[in-house]
Q: 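First the structure, then my questions, so here it is.
Note that ligands are numbered from 1 as they come in the structure, with each ligand's atoms numbered from 1 the same way.
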Amino acid sequence: MLSEELRNKYQLVIGLEVHAQLLTESKMYSSDSNEYGKLPNTLISAITLGHPGTLPKVNKKAVEFAVRMGLACNCEITRWNIFSRKNYFYPDLPKGYQITQDKGPICVGGFVPIELADGSQKSVKLNRIHMEEDAGKSIHLAGETDTLVDFNRAGTPLIEIVTEPDLRTPEEAYAFLAEIKKLVKYLDVCDGNMEEGSLRCDANVSVMLKGASEYGKKVEVKNMNSFRNVARAIEHEHERIIHLLEAGEEVISETRTFDAATGTTASMRTKEDLNDYRYFPEPDLSPIVISEEWLNSIKVSMPALPRQLYDKFVEQYGLPAYDANFLSESKDVALWFDRLCTQTSNYKAASNWMMGPVKSYLNETGKEVAEFPITAETLASLIALVESEKVSFSAASQTIFSELLQSQKESPLEIAHRLNLIQESDESSLKPVIEAVLAENKTKVAEYKSGKKGLLGMFMGQVMKKSNGKADPKVATKLLTELLEN
Ligand code: ADP
Ligand code: MG
């Protein structure tokens, strides 16, 4: 653990490189299927394998996805895109090179606003987003000396999102990744699944003396398979580098690997023995030109972004920030809620239903909102039923809601009638019930009249019991107080 003193002496600096696998049907430079989980080495044509004489072709959809992400991240879009070969040898790289964007990434600059747990906001500057392709996968089975290679992943379209060294705490890195995941999912460009490797992150970490004008030497950490592990790896490097510096040692520019079991990192390779990638322009691909017309058509087809829905929920529906945050966290939930709001104008009640009973149901069953059995129309009529005070919220959320989850043959009102849940809000039918309660509790009534006002709750309990829970609490309280005061 770092002492508070050392923590205050140095400034942590973090830059992230995030790879996102694109959800296209085919690969980046060939028509091979881009499916996950297929039998190894079944999605590989001569193009994916880079056989001599084969020619790559750029996947148009992948370019559109990269532009979508760039627009969502406020980047400038490069119109004239060239590709480069990055040469290196690795068993899972069948071509012996990767086709990537070296100079002139498709998206330049940009920023991503993030929100931290304490509610503060920060805008994280991006350096670029570029297009490239994934390599295959080496598989090392326990106890085996041979390495297996699956080339199915080779050629999977990727975008790499590179931040400026703009992040300052592990928490900020975590929030940034969460925001990126939210964005790619909203945009339908990547499933955002870090455990399965569709979203991967390398963290660059350095420290400098507080107030210094130059960044310190950085290390790059790889192989974290969750946001939490990215934050753990950064904190580990934070402490390790400060201890190095305090011991008068030098930080080596190197790539390190994270071990989730121990929460520590180990050196993989230093930048000295780094490959010379011998980048050169890919001779088999002509430049991809993004015309004004194409760019505009992508702009027009952009789906709503989390921020826009958040703003709509706050400004148009008048919801608190907390509700809007919850509701815009996932696109499916946000759009479902938005549809619900076309059926009711009681937005706050609608939000409460989403954050309460609906969320509990989804959590308990592990279902997505798309699988939620009650339609927005039906839920809206249940909300209206509560609003009209025909049924209490507890009867609606406990009894009618669970009936609806089973079947929607009956409307909420029909269920309320069948189960005898319609509230007694009619004073003339409530009055005899209350009078009976008072007649049965003459001594308590006297105590109340002599000042023990706290007995009101007891009387209310009796009234609810006598009415089988159907007394409208507001009307009953009013009537009860009137009768007691007389
Ligand atoms: P490299 O040439 O080593 O790949 P780049 O300049 O391309 O380095 O930056 C790669 C990533 O490292 C970027 O995300 C960038 O923000 C981050 N980075 C650069 N310098 C630092 C630093 N001193 N501390 C932390 N991160 C850094
Ligand atoms: Mg790099």
Q: With distance as the sole criterion, is a donor-acceptor pair present between the side chains of E246 and Y10 under 3.5 Å?
A: yes

Q: Ligand 1 versus V162, non-hydrogen atoms closer than 4.0 Å: side chain, backbone, both, neither?
A: side chain

Q: Is there a donor-acceptor contact under 3.5 Å linking the side chains of Q98 and T100?
A: no

Q: Under 4.0 Å from any heavy atom of L16, which atoms of ligand 1 are there?
A: 14 (O)

Q: Under 3.5 Å, is there a donor-acceptor pair between the T378 and Q408 side chains?
A: yes

Q: Under 4.0 Å from a heavy atom of Y215: which atoms of ligand 1 are those, numbered in the order shown and with their elements?
A: 23 (N)

Q: Would you list the pairs meeting salt bridge (Lys or Arg N to Asp or Glu O under 4.0 Å) in which at least one residue belongs to residues 98-123, sequence neighbours left out?
A: K122-E172

Q: Return the set of residues passing side-chain hydrogen bond (donor to acceptor under 3.5 Å, both in side chains) with D166 (not counting sequence neighbours), or none when no residue passes.
A: none

Q: Can you name the atoms of ligand 1, numbered from 1 with element, that are less than 4.0 Å from a heavy atom of E164?
A: 16 (O)

Q: Any N or O of S206 that comes nearer than 3.5 Å to an N or O of ligand 1?
A: yes

Q: Quick check: does V205 get an N/O under 3.5 Å from an N/O on ligand 1?
A: no

Q: Considering only heavy atoms of G216, which atoms of ligand 1 have at least one such atom less than 4.0 Å away?
A: 23 (N)

Q: Please work out which of K218, M208, E237 has its closest non-hydrogen atom nearest to atom 19 (C) of ligand 1.
A: K218

Q: Kindly indicate whether a cation-pi arrangement holds for R68 with F65, taking the cut-offs as under 6.0 Å to the six-membered ring centre and within 45° of the axis.
A: no

